[in-house]
Each structure stands twice: as structure tokens, then as C-alpha cells.
2 protein chains.
Amino acid sequence: MNTLSYGLLSLLSHAADSGYDLMLKIQPFWPAKHSQIYPLLAQLESGGYVQHKLVVQTDKPDKKIYSITDKGLNALRNWLTLPTDEPVTRDELVLKIFCMEQGDTADILHMLETRLAYYQDQLQWLQSKKETYAQLNPSPSLGIILLMQKGEFSVKADLEWTQWAMRQVIAHEKEPNPD
Amino acid sequence: MNTLSYGLLSLLSHAADSGYDLMLKIQPFWPAKHSQIYPLLAQLESGGYVQHKLVVQTDKPDKKIYSITDKGLNALRNWLTLPTDEPVTRDELVLKIFCMEQGDTADILHMLETRLAYYQDQLQWLQSKKETYAQLNPSPSLGIILLMQKGEFSVKADLEWTQWAMRQVIAHEKEPNPD
DNA sequence: TTTTTATACGTAAATTTTGACATATGACAG
DNA sequence: CTGTCATATGTCAAAATTTACGTATAAAAA
């Protein structure tokens, strides 16, 4: 039982879902491809943590709807009492910033612009999620509210940094020698 | 040539360094164990991107000091012009928050307290780094300044969220039924 | 009408990352 | 004087993750 397995159980503790949709929904929290999700769900099922029923669809391919079992819920509750790993972030951009003096200012600015657009998309996505969730759900889950807020705090800080960094890079280019 | 390889070249573009110290220095940007660093440095050397000389020490074990070659610098400069991967963050805490309703409030609060201490340590480390760097270096590298600021923006946002989340959890516990 | 996109599942190979095992020196604490 | 810690390098196995290969349906776009 690795962290991704618990992540899947965590999603399933809210509602039963297909492997395909679990894969889509877990992306913001723990990026994983379907080639990792499907075998893991089979493994969880063989361990008795989840079970599935086949749902036949006419407009789309048939799917397997997984639901969490009592054993799965117990495993989840126990996991919540265990020490929590520190977060891990890997960002190619920071490695490039570290040696930015080696490259052209235009390339660095282009990289920062692309990243800015990425963060803006993220923020828009978050805010639309927030709206639709508030509309659909009368008594929202505290956990989901906390997570949406975490995302917003984080992306806004990244967004501000990117804009600040772009200004710094431009200022540095215009005034390379202050004497 | 994967991202970690470029990360090592990026560090080496500032100064020659040992595998051990490169391993320590790259942690904040791209976590990696020495078992990953040493073979990669050997691979980079066989590719002609870096070279090393043995430095004999009396008080400590001997070490290999790696330096970047012209070929390495060219590879680094080319890398700066290529598209940049999106950042990847994996945080067990957010998966736990998602199903926090399944556990005890005390366990969740304990998790958040531990995380709070972690972020406070990070912030302290960053600010001490900032000071020592400013003192040691008369003309600081723009890249390093940008990165230290990025870290500070990010950790401060995480810190604020954690404190906010703890207040939310406490409020939610005290007033579970508003009617 | 052909191609692309989204849905939906699956496996196999390659890459990346972690954890364990291994050795060695000097300092420092118990 | 014995164990632990920081330094320093290395290999090997296992686990986690990504990329590629593979099938299939239906809608939408080109």
C-alpha cells in the first residue's frame, strides 16, 4: 500500500468511481497515468480494499465502477493517524533559473511568460471549480474547501513571483552595468 | 540527458563541486539521493559534459571535484532554449485532507501542526541563506536572488494556508451542527 | 470521409527514484 | 573505547512513474 493507493481510497471515500475518472480527478493532487492506476485498482481489489461492478454504456465504452469496502475504510482511517511525508516538488524551471546567466534574456522571459500563462490557467480552473462546487453542493465538505483554498494560496503566490521575476529580468537586462 | 543531469550541469556552471556537495545542494530544487547522483556524474563524464580531479584530504575522505566542460556549457545553453516541463508536486497531506472526515480531528490537527513546523523551518533556513549569501557575495547572481524569493513566496503562502486551515478545522470541530 | 478527440480498459518496457548494502576516515559523545 | 555522526564514494535491487503499444466505441471536427 503506497501513497497513490491511499490517494485512490481517499477519492473513493467520497463516491464510487471508474478508474478512468479516478485517474483524471487525482491529477491535481498526485499526478499519475492510467497505466499506473488500473493495475493499482486491481491490486487493491485483490487485497479486498475496493470492489467493482461493470457498468454497460451504449454511448461510451463500458466501465468498471469501483467502491471502497469496510476494509478499505479502516485502512484509510489508520493511514490518517500515521506520520505524513514531506511534500516533494520538482520544477525544471528553477533549475533553468539557477543558470539563467548562461542563456539569452529573451529565452528566459519566454519561459517565464509560458509559466505565467500556466499559473493563470490553473487559477481560472480553480475558481471555476470553486463556483460549480458551491452551486452543486449545499453542505460542502470541509476537506474540499481547504484544498481549493490551498490551491488558490499556492497558485497566487507562484503567479505573483512570476510577474515579479519577469520585471527583475527586464530591469536587469536594461541596466546590466549600473556604473 | 534527463532533467537531473541538466540540474547538475546547472549547479556546476556556478562552481566546481564534489558529488556529495552537489547532492546536498540540489535537494531544495530537485530531491535526489547520492545513489542517483554518483552514477549520473560518471555518465556525464563519459559523455564529456563534466570532468573531475581527485582531491586528497587529510581530515576527511578524499573527494572528486567535478567541473563543467565546454560541451557541458553548450548543452546547458541549448537546454535553456527548449520548452520547460510543468512543475510536479506530490504531497501526501493533501490526499489526507481530502478524506479528513474519516479521521479524528486531533489527528488532522496534529498533522497540520507538524506541517506548520516544517514550513517554519523552511522559512528560517531560507532567510538565513539569504543573509549569508548577501554577506559573502558582493555582486549576487540574479538567478539565485530570484530562486530565494520564489522559495520565500511559496513557503509564506503555504504557512498562511496551514494556519488558516488549522483555524477552520478547530471552528468546524466546535460547531459541527450550526442549527 | 477521414482524422482527431474523449471515453474506457489493459499490458510491457523503459526510465526515474528510493532503499539497502558496502567501505572508509576523523570527530565527538557517551 | 565504543557507538554515532558527517564526510565521501560506490553498487544493486526494488519500487514508482512514464512512455509506448494495444483494443474499442461514439461524437465531433477537418
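Within every chain, numbering begins at 1; the chains are lettered A, B, ... in the order of the sequence lines, protein sequences first and strands thereafter.
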Just do the side-chain contact (heavy atoms from CB on, under 4.5 Å) check on B/Y49 and B/I68 with the steps written out, would you? CA-CA 6 Å; B/Y49 300 99; B/I68 192 167; 6.0 Å; no
Between CG of B/L8 and CE of B/M1, what distance do you get to the nearest 0.5 Å? 9.0 Å
Return no unless some side-chain N or O of B/Y38 is found under 4.0 Å from OP1 or OP2 of D/dT9. yes
Do you know which of B/Q149, B/K156, B/K150 makes side chain to side chain donor-acceptor pair (under 3.5 Å) with B/E152? B/K156
When you check the phosphate oxygens OP1 and OP2 of D/dT9, does a side-chain N or O of B/Y20 lie under 4.0 Å from one of them? no
For DNA chain D, what residues of residues 51-69 of chain B have any heavy atom nearer than 4.0 Å? B/Q57, B/K60, B/P61, B/D62, B/K63, B/K64
Worked check of side chain to side chain donor-acceptor pair (under 3.5 Å) between A/K96 and B/S10: CA-CA 7 Å; A/K96 286 187 174 178; B/S10 183; over 6 Å; no
Would you confirm whether B/E101, through its side chain, and A/L142, through its main-chain N or O, come within 3.5 Å as a donor-acceptor pair? yes
A/E45 atom CD is separated from C/dC9 atom C1', nearest whole Å, by 14 Å
Return the value, rounded to whole Å, for the distance between atom CG of B/D17 and atom P of D/dT7. 12 Å
Quick one: B/I37 CD1 to D/dC12 C1', roughly how many Å, whole number? 17 Å
Inspect the surroundings of NE2 in A/H52 and state if more than 12 heavy atoms from other residues, nucleotides or ligands are less than 6.0 Å away. yes
Under the side chain to side chain donor-acceptor pair (under 3.5 Å) test, residues paired with B/D70 that sit two or more places apart: none
At under 4.0 Å between heavy atoms, which parts of nucleotides 13-23 of chain C does protein reach? Answer with one letter per nucleotide, 5' to 3': B base, S sugar-phosphate only, - none. ---SBBBB---
Nearest-angstrom distance from the residue atom NZ of B/K25 to C1' of D/dA6: 16 Å
So, taking the atom named CD1 in B/I37 and the one named NZ in B/K25, what distance separates them when rounded to the nearest 0.5 Å? 12.5 Å
